[in-house]
Amino acid sequence: MHELSIVMSIIDIAKQQADRACATIIDEIELDIGTLSGIEMDSFEFAWKQAVRGSVLEGAVRKINTIEAKARCLDCDAVFSIHHYFDPCPVCGEHLLDILSGKELKVKSLVVS
Amino acid sequence: MCATCGCDSGGSTAIHHLGEHEHTHGAHSHSHSHSHDHGHSHASSKTIVDVEQDVLHQNNLLAQRNRGYFDAKNILALNLVSSPGSGKTSLLERTLKDLKGELEFAVIEGDQQTTNDADRIHATGTKVTQINTGKGCHLDSHMVLHALQGMKPKDNSVLFIENVGNLVCPAMFDLGEKERVVIISVTEGDDKPLKYPDMFHSSTLCIVNKIDLLPYVPFDMEKVKANAKKVNPALEILEVSCTSGEGLQTWYNWLKSRVAVSELI
């Protein structure tokens, strides 16, 4: 249940950024979460509901950009979508992959007032 | 950002330096300096702030700080991860006893509660600090930073950081280690690498423990190796038994080869 730690870190970042912008209200928060980031979305949702209560993010609209995982095969150079680390290259069947995207876990932007 | 269960009472992290005084870290603050270059805006207007900040940024910063400390003191820091009961502490006990006098060791133990594991390590005569994470399911770089401040491991030593028994959460948290070692035992399923791919993907060495029990359990060694290599083709795999001692020499050789490499740098 590390998702709670993750949500707490997001609240810290949002608060820091809102303070820096001299804002009192956060209207929106935009997050990038890759499908290989290690976040279980059901747990994240559960943790979010509990953790934002009474925080700067309580009334904020949350937008999540789900970043699809992509990899390049180091044997045949094919680029393709993956769901798991153990997915083979669909062209040559090898497992030696360079992960190009999908590990993102970041606060992209805020709308404050 | 102390261990993060969201609960105020039980969530504080306790650090026990065995053989020394003890102290507890609650939610304490670190000072940070920020530049304030904001312009003036009306209270009613909405502003878009481009943040682009990694959620694990703070953990990663402190991990890099730990890494710098290890590099400066030429300490080989290894993060040992596994599910509970795979034999991490037993492997450490054997290693510390068998290599006593050859290498200098220090150990950080991570568990939710008790100093049981640290007591076992302390009995081998090795410097040990226990971190109790309370409700926390993993160690983070912040806890390790404080454990290091109290224990001060010697220059040129090997530091084992035994993480909380959990194959999921610790995968996301860099502690500043040089390498991550994942341990599984033959009493677990041979599909573990596929079920918990993040951990196997982020480790460089996999130790399969309890191989003395192979005749009694339906564990296919070749299958687990194939599964692990699917997740991480670069993963090295060693087979050991802490009970019979089989395979331990290969693990010791691996350890010594890493010490030799870190001494060259």
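Below, read A as the first sequence line, B as the second, and so on, with proteins coming before strands; counting in each chain starts at 1.
- When heavy atoms are compared at a cutoff of 4.5 Å, B/Phe173 approaches chain A solely by way of its side chain, counted from C-beta outward.
- Taking A/Ile10, A/Leu31, A/Asp32 one by one and counting their heavy-atom pairs under 4.5 Å with chain B, the maximum is reached by A/Ile10.
- The aromatic rings of B/His201 and A/Tyr85 sit parallel to each other, their planes meeting at less than 30°, with 60° as the upper class boundary.
- Contact annotation for A/Ile6: both backbone and side-chain heavy atoms come within less than 4.5 Å of a heavy atom of chain B.
- The nearest pair of heavy atoms linking B/Lys229 to A/His95 is O-CB, 4.3 Å.
- Pairs of residues two or more places apart, or lying in two chains, that qualify as salt bridge (charged side-chain N to carboxylate O under 4.0 Å, His left out) and include a residue from residues 164-174 of chain B are B/Arg67-B/Asp174.
- The salt bridge (Lys or Arg N to Asp or Glu O under 4.0 Å) check on B/Lys225 picks up B/Glu239, with sequence neighbours excluded.
- Taking A/Phe86 as the reference, A/His84 meet the ring-ring contact (aromatic ring centres under 6.0 Å, His included) condition, with sequence neighbours excluded.
- Within the 4.5 Å cutoff, no side-chain heavy atoms of B/Asp50 are placed close to those of A/Lys108.
- One distance of note links CG of A/Asp12 with CD of B/Gln58; it measures 8.5 Å at 0.5 Å rounding.
- In plain terms, the two heavy atoms of A/Lys106 and B/Asp54 that are nearest each other are CB-CA, 3.7 Å.
- Of residues 36-66 of chain A, those residues with a non-hydrogen atom less than 4.5 Å from any non-hydrogen atom of chain B are, in numerical order, A/Leu36, A/Ser37, A/Gly38, A/Ile39.
- Contact count against chain A (heavy-atom pairs under 4.5 Å) is highest for B/Val51 among B/Asp198, B/Val51, B/Leu194, B/Asn227.
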task = Run the numbers on A/Glu3 and B/Cys169 for side-chain contact (heavy atoms from CB on, under 4.5 Å), then give the verdict.
result = CA-CA 9 Å; A/Glu3 283 78 6; B/Cys169 311; 5.8 Å; no
message = side-chain contact (heavy atoms from CB on, under 4.5 Å), that's the test. Do A/Leu105 and B/Met172 meet it? Break it down for me.
response = CA-CA 11 Å; A/Leu105 178 57; B/Met172 286 183 77; 3.4 Å; yes
